[in-house]
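Within every chain, numbering begins at 1; the chains are lettered A, B, ... in the order of the sequence lines, protein sequences first and strands thereafter. In what follows, every heavy atom counts, from backbone to side chain, and hydrogens, waters and symmetry copies are set aside.
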Number of protein chains: 2
Amino acid sequence: MTVDQLDPTPLWEQLAAILRERIRSGDLEPRQVLPSESQLQQEHGVARGTVRRAMQALGEEGWTVTVQGRGTFVAPRESWPKG
Amino acid sequence: MTVDQLDPTPLWEQLAAILRERIRSGDLEPRQVLPSESQLQQEHGVARGTVRRAMQALGEEGWTVTVQGRGTFVAPRESWPKG
DNA sequence: GAGAATTTGTACGTATGTATG
DNA sequence: ACATACATACGTACAAATTCT
């Protein structure tokens, strides 16, 4: 699963949706670290700025927590949207 | 009033604080358009990305509303923080 | 403790697309 | 047709915090 360059949806939105689904599905569990920005940028063939824009969205929605020098982690379920 | 390159505070935060104060003080009134990105960039000697980061913060706080192709406007007082 | 490597944060530049006047 | 203005996306470089050797 990766982004589609032909889809008019912004790449950062597509990437955010992918990661959001990985979290919600349980593929990425609370307190688990997400792939690094450089890993994601290689895996999806996008620029780091695009990765960061996606990460920012996830953080604002409460899915993830980012710590400088450590990485971005899945937030506890309590802070997830809806439930 | 402009940003201070020697201040360790991120430039985008400094710029956001300046514009926030201009709004709260009444220098910029509700529905009034803010200076364009290129104007702010020149006035404060920062890059477009820095201006946009400041604008984004103000928008998320409810101080401004941005419309593609039109500009960024001071939001109605109802949507301002606190009061 | 020192130094290197990793990872996120900030800042800048450029190009292209989209919407408005 | 042209100018203005925001949105997205690419790239680079360096700083700051953490982790590893």
Between C:dC12, C:dT8, D:dA9, which nucleotide gets closest to the side-chain atoms of B:Ala47?
-> C:dC12
Where the side chain of A:Ser36 is concerned, which of D:dC6, C:dA11, C:dT8 is the nearest nucleotide?
-> C:dT8
A:Gln39 side, atom CD; A:His44 side, atom NE2 - distance, nearest 0.5 Å | 11.0 Å
Check: B:Thr64 side chain, B:Gly59 main-chain N or O, donor-acceptor pair, under 3.5 Å = yes
Can you check whether A:Thr50 has a side-chain N or O nearer than 4.0 Å to OP1 or OP2 of D:dA9?
-> no
With A:Asp7, which of A:Val3, A:Thr9, A:Leu11 fulfils side chain to side chain contact (heavy atoms under 4.5 Å, CB included)?
-> A:Thr9
Between A:Thr9 and B:Leu34, just flag the one whose closest nucleotide in DNA chain D comes earlier from the 5' side.
-> B:Leu34
Whole angstrom is fine here: how far is it from CG in B:Leu40 over to C1' in C:dA11?
-> 16 Å
Any donor and acceptor pair, going by atom type alone, linking the side chain of A:Glu37 with main-chain N or O of A:Arg52 inside 3.5 Å?
-> no
B:Gln68 (side chain) and D:dA7 (base): donor-acceptor pair under 3.5 Å | no
Is B:Gly49 touching bases, backbone alone, or none of the nucleic acid, heavy atoms closer than 4.0 Å?
-> nothing
Rounded to whole Å, CD of A:Gln41 lies from P of C:dT8 at a distance of 11 Å
Checking side chain to side chain contact (heavy atoms under 4.5 Å, CB included) against A:Leu19, which of A:Leu58, A:Thr72, A:Val74 comes through?
-> A:Leu58
If every non-hydrogen atom of B:Gly62 is compared with every non-hydrogen atom of B:Trp80, which pair is closest and at what distance?
-> O-CD1, 3.6 Å
Look at the side chain of B:Trp12 and decide which nucleotide, out of C:dG9, C:dT10, D:dT8, has an atom nearest to it.
-> C:dT10
Euclidean distance, atom CG of residue B:Leu58 to atom C1' of D:dC6 [Å, nearest integer] | 15 Å
Whole angstrom is fine here: how far is it from CD in A:Gln42 over to C1' in C:dT6?
-> 13 Å
Measure from the side-chain heavy atoms of B:Val46 and tell me the nearest of D:dC6, C:dC12, C:dT10.
-> C:dC12
In whole angstroms, how far is the C1' atom of D:dA9 from the CD atom of A:Gln5?
-> 9 Å
Lys/Arg N to Asp/Glu carboxylate O, A:Arg20 vs A:Glu61, below 4.0 Å = yes
Look at the side chain of B:Thr72 and decide which nucleotide, out of D:dA16, D:dC6, D:dC10, has an atom nearest to it.
-> D:dC6
Provide, to the nearest angstrom, the distance between the CD atom belonging to B:Gln14 and the C1' atom belonging to C:dG9.
-> 15 Å
Return the value, rounded to whole Å, for the distance between atom CG of A:Leu6 and atom P of D:dA9.
-> 13 Å
Would you classify A:Arg48 as touching base, sugar-phosphate or nothing, given that sugar-phosphate means primed atoms plus P, OP1 and OP2, and contacts are heavy atoms under 4.0 Å?
-> base
How long is the span from the CG atom in A:Asp27 to the CD atom in A:Gln32, to the nearest 0.5 Å?
-> 7.5 Å
Nearest to the side chain of B:Arg70, which nucleotide is it out of C:dT20, D:dA17, D:dC10?
-> C:dT20
Angle separating the five-pair end axes of the helix from C:dA2-D:dT21 to C:dG21-D:dC2, nearest 10°, is 0°
Nearest-Å distance, CZ (B:Phe73) to P (C:dT20)?
-> 11 Å
Between C:dA11, D:dC6, C:dT8, which nucleotide has the shortest distance from any of its atoms to the side chain of B:Arg52?
-> D:dC6
